[in-house]
Amino acid sequence: MFIYDSVQKTKLLLEPIKAGEVSLYICGPTVYDDAHLGHARSSLSFDLLARTLRMVGYKVIMAKNFTDVDDKIIKKIKETGKSLQEITSYYIDRYLKEMEALHIGRADIEPKATESLDAMTAMIQKLMDLGFAYRIGSGDIYFDTSRDSHYGELSGRIGDDAESQKRIEFVEEKKNPKDFVLWKACKTGETICFEAPFGLGRPGWHIECSAMIDAHFHGSGQYSIDIHGGGADLLFPHHENEAAQSRCATGHELAKYWMHNGFVQIDGAKMSKSLGNSFFLKDALNVYDGEILRYYLIGVHYRNDFNFNEDDLQVAKKRLDKLYRLKNRLAPISLSIPSEEFKKALLDAMSDDLNISVALSVIDAMIASANEKLDLNPKDKALKSETAANIRLIDELLGFGGKIPTEYFQIGIDEELKRETERLISKRTEAKKAKDFAASDAIRNQLDAMGIRIMDTSDGTTWEKL
RNA sequence: GGAGCCAUCGCCAAGCGGUAAGGCCGCAGCCUGCAAAGCUGCUAUCCCCGGUUCAAAUCCGGGUGGCUCCUCCA
């Protein structure tokens with residue numbers, strides 16, 4: 001298995017700390033609003049990674065956190081009058097449901113910041129004891145970046161210039177502009193306060209992941225976990241800061257490999273709230289089935305930017321349709337085992353830093369070949385059961401193709417329309433039998449106007465919703 | 001101001017020094033009452049200019065264009 005390490009900026013052979021086992025920590029969402037397509041893409045990227053690692057034979061332990069204490073959540077509390085718990089549990093619940101719709105597997109460990117306070121305060125205390133952190137007059141505790149000689153190496157930002165320092169929030173008492181907050185002391189009027197040995201307050205953002213990783217993974221003498229992942233925007237400052245804290249508190253590096261996924265863009269620009277072009281996952285799921293959305297969103301290599309476009313989404317659906325049409329020719333059949341050649345080609349592609357494009361082309365080739373053989377010999381049972389097993393493999397590795405074809409093609413069809421469709425089809429079959437092609441073609445046009453496409457096969461007429 | 005990523009057929013998209021995968025669209029054919037579906041065949045020398053090499057889309061230098069990070073962000 002090869003993966004691209006975004007710190008070393010090169011593709012590397014994955015050599016886990018512990019043979020046969022891969023520990024994975026993914027930066028999850030801050031739960032103050034609905035998930036957008038960018039969250040989906042990030043989750044999808046690491047879902048593919050976990051699935052591939054498992055199929056290649058690794059035991060995978062994946063953690064993905066929920067940031068449920070944060071300034072934006074506090075802002076939401078003020079705006080809505082709801083409690084922190086109400087807000088965060090609502091958005092966590094929605095997040096998980098939406099990710100499920102995209103067939104994204106759950107992480108093995110899903111820590112929440114509010115449930116990891118002991119780990120965080122312990123790490124902050126340790127950093128203070130070791131002289132890596134200091135407290136200012138307000139009670140806030142900062143990490144002293146000047147004490148970490150490796151600070152800046154992760155993101156390659158060693159000599160930051162004046163212009164970039166201007167952008168950092170100015171706090172007079174900070175020793176160094178790059179120093180970041182570990183603990184925000186409770187100020188007058190603030191209600192979201194937690195107890196800590198150093199007083200009431202709440203944790204800074206960066207400490208969360210470091211503390212959770214420390215709490216949940218044993219690691220080795222050199223690294224806490226194998227792979228740390230997240231969106232490309234997290235490399236700096238978030239991951240730089242995490243790495244610094246962990247290095248100073250534990251004496252070893254946080255992760256052996258770092259992986260970052262690219263952005264989802266809308267009309268060539270980064271999707272973000274401030275630009276007013278964010279696309280919520282819930283809105284997309286309202287219009288498109290989760291499986292189609294999944295197929296579309298994984299279609300571009302995870303490190304590249306992804307330009308969201310509804311036309312391209314339709315193209316993705318067409319491609320997925322072909323898989324289901326093949327599956328439709330198979331059923332009902334018992335599975336045998338997948339073709340060795342197919343499995344190898346698929347795994348070879350995904351083992352090469354998740355080369356999804358090659359993987360999808362391998363699938364297309366398998367579909368074409370199976371269709372061709374079935375055209376020649378429609379009753380080839382061995383081929384059918386092997387093909388069915390191939391599709392089962394695709395579902396396991398890539399997370400699509402698992403539905404029953406008729407369900408897939410009839411998503412969003414109500415019972416009434418379904419009955420009407422079937423009634424018209426049998427009427428058309430009668431007309432065809434009587435060689436009344438004018439009548440049968442009229443019915444076909446009528447169905448077409450209803451959004452139903454029909455196909456005559458040797459086994460009768462099948463139909464799909466357009 | 002600093003740091004980085006990207007640029008491949010009309011569109012989407014692989015490629016990681018050895019002579020351009022795949023999908024959509026289009027065209028031709030097989031199949032079909034006609035379609036649809038399926039199958040077969042056809043369609044690019046890789047933004048520009050230099051350089052390294054027996055060999056470059058792939059490496060180096062210089063342009064041009066797009067995006068991102070340096071502030072919360074997947």
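Labels below follow one simple rule: chain letters A, B, ... track the order of the sequence lines, proteins then strands, and each chain is numbered from 1.
A/S440 comes within 4.0 angstrom of a base, heavy atoms only. As judged by a 4.0 angstrom heavy-atom cut-off over every strand, A/V362 is placed among residues making no nucleic acid contact. Contacts of A/K432 with the nucleic acid, taken as non-hydrogen atoms under 4.0 Å apart, include base atoms. Residue-level contact check: A/S42 touches the backbone only, with heavy atoms under 4.0 Å from sugar-phosphate atoms and none from bases. Among the heavy atoms of the strands lying under 4.0 Å from A/G231 are primed sugar atoms or P, OP1, OP2 only; no base atom is included. The residue A/L234 sits close only to the backbone: its heavy atoms come under 4.0 Å of sugar-phosphate atoms, none of a base. Residue A/L360 is out of contact with every strand shown, counting any heavy-atom pair closer than 4.0 Å. Within 4.0 Å of A/Q265, counting heavy atoms only, lie sugar-phosphate atoms of the nucleic acid but no base atom. In this structure, A/A368 reaches the sugar-phosphate backbone alone: every heavy-atom distance under 4.0 Å involves primed, P, OP1 or OP2 atoms, never a base.
As the counterpart of B/C59, B/G51 is assigned, both hydrogen-bonding distances of the Watson-Crick or G-U wobble pattern falling under 3.5 Å. B/A3 and B/U68 make up a base pair, with Watson-Crick or G-U wobble contacts both under 3.5 Å. Look at B/G17: it lacks any Watson-Crick or wobble partner with both distances under 3.5 angstrom. In this structure B/A44 sits in no base pair that meets the Watson-Crick or G-U test at under 3.5 Å.
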Checklist entry - Under the ring pair (Phe, Tyr, Trp, His ring centres under 6.0 Å) criterion, do A/H239 and A/H260 qualify, and how do the steps go? => result CA-CA 10 Å; A/H239 289 163; A/H260 293 91; 4.9 Å; yes
Next on the checklist: Applying ring pair (Phe, Tyr, Trp, His ring centres under 6.0 Å) to A/F66 and A/Y95, what does each step give before you reach the verdict?
Outcome noted: CA-CA 10 Å; A/F66 286 108; A/Y95 179 88; 5.6 Å; yes
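We find that CH2 of A/W258 is positioned 19 Å from P of B/C5, with the value rounded to whole Å. The CZ atom of A/F236 sits 18 Å away from the C1' atom of B/A74 (whole-angstrom rounding). In this entry the distance linking CG of A/D233 with C1' of B/G4 reads 14 Å, nearest Å. Whole-Å rounding puts the A/H239 NE2 to B/C70 P distance at 13 Å. For the pair A/Y151 OH and B/C70 C1', the interatomic distance rounds to 11 Å; values are reported in whole Å. Straight-line distance from the CG atom of A/D364 to the P atom of B/G38: 11 Å, rounded to whole Å. Distance, A/K178 NZ to B/A3 P: 14 Å, rounded to whole Å. Taking atom CZ of residue A/F263 and atom P of nucleotide B/C67, one finds them 14 Å apart after rounding to whole Å.
Of the candidate nucleotides B/A74, B/G22, B/A35, B/A74 has the atom nearest to the side chain of A/H36. Here the nucleotide nearest the side chain of A/M455, chosen from B/A37, B/U68, B/G4, is B/A37. Ranking B/A21, B/C69, B/C39 by closeness to the A/R157 side chain, first place goes to B/C69. Nearest to the side chain of A/D375, among B/A37, B/C39, B/G4, sits B/C39. In the set B/A36, B/C24, B/A74, B/C24 carries the atom at the smallest distance from any side-chain atom of A/K322. Looking at the side chain of A/D456, the nearest of the listed nucleotides B/A74, B/A35, B/G38 is B/A35.
Stacking of A/R319 on the aromatic ring of A/Y295 is not recorded, the 6.0 Å distance cut-off and the 45° axial limit not both being met. In this structure, A/K327 fails the cation-pi test against A/Y324, since its NZ or CZ atom is not both closer than 6.0 Å to the six-membered ring centre and inside 45 degrees of the ring normal. Cation-pi geometry between A/R294 and A/F400 is not met: the NZ or CZ atom fails to fall both under 6.0 Å from the ring centre and inside 45° of the normal.
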Checklist entry - Reading nucleotides 7-16 of chain B from the 5' end, what letters show protein touch, with B for base, S for backbone sugar-phosphate only, - for no heavy atom under 4.0 Å? => result ----SSSSSB
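Comparing the same atom, C1', in B/G65 and in B/C54 gives a spacing of 34 Å after rounding to whole Å. Annotation: B/G61 and B/C69 have their C1' atoms spaced 25 Å apart (nearest Å). One P atom belongs to B/C60, the other to B/C6, and the distance between them is 11 Å to the nearest Å. Separating the C1' atom of B/A36 from that of B/C42 is a span of 23 Å, rounded to the nearest Å. Comparing B/A44 with B/A55, their P atoms sit 25 Å apart, to the nearest whole Å. For B/G15 and B/G23, the C1' atoms lie 16 Å apart once the distance is rounded to whole Å. Between B/G33 and B/C9, the two C1' atoms lie 38 Å apart (nearest whole Å). B/U8 sits 4 Å from B/C46 when the C1' atoms are compared, rounded to a whole Å.
In the interface, the side chain of A/R453 is not paired with the base of B/A36 through any donor and acceptor atom under 3.5 Å apart.
For the 3.5 Å distance criterion, the side chains of A/Y32 and A/D68 fail to qualify, holding no donor opposite an acceptor. Side-chain N/O atoms of A/T457 and A/D459 include no donor and acceptor closer than 3.5 Å. In the model, A/Y408 has no side-chain atom that pairs as donor or acceptor with a side-chain atom of A/N328 under 3.5 Å. Checking A/E98 against A/H39 by side-chain atom types alone, no donor-acceptor pair falls below 3.5 Å. Side chains of A/S43 and A/K64: a donor on one and an acceptor on the other come within 3.5 Å.
Nearest-nucleotide assignment on RNA chain B puts the 5′-proximal partner with A/S155, out of A/G28 and A/S155. Mapping A/T30 and A/R428 onto RNA chain B via the closest heavy atom, the residue that lands nearer the 5' end is A/R428.
Phosphate proximity of B/A36 to A/R444: absent, as no side-chain N or O sits under 4.0 Å from OP1 or OP2. Residue A/K373 places no side-chain N or O under 4.0 Å from the OP1 or OP2 atom of B/G38.
Between A/F308 and A/F279, a ring centre-to-centre spacing shorter than 6.0 Å is recorded.
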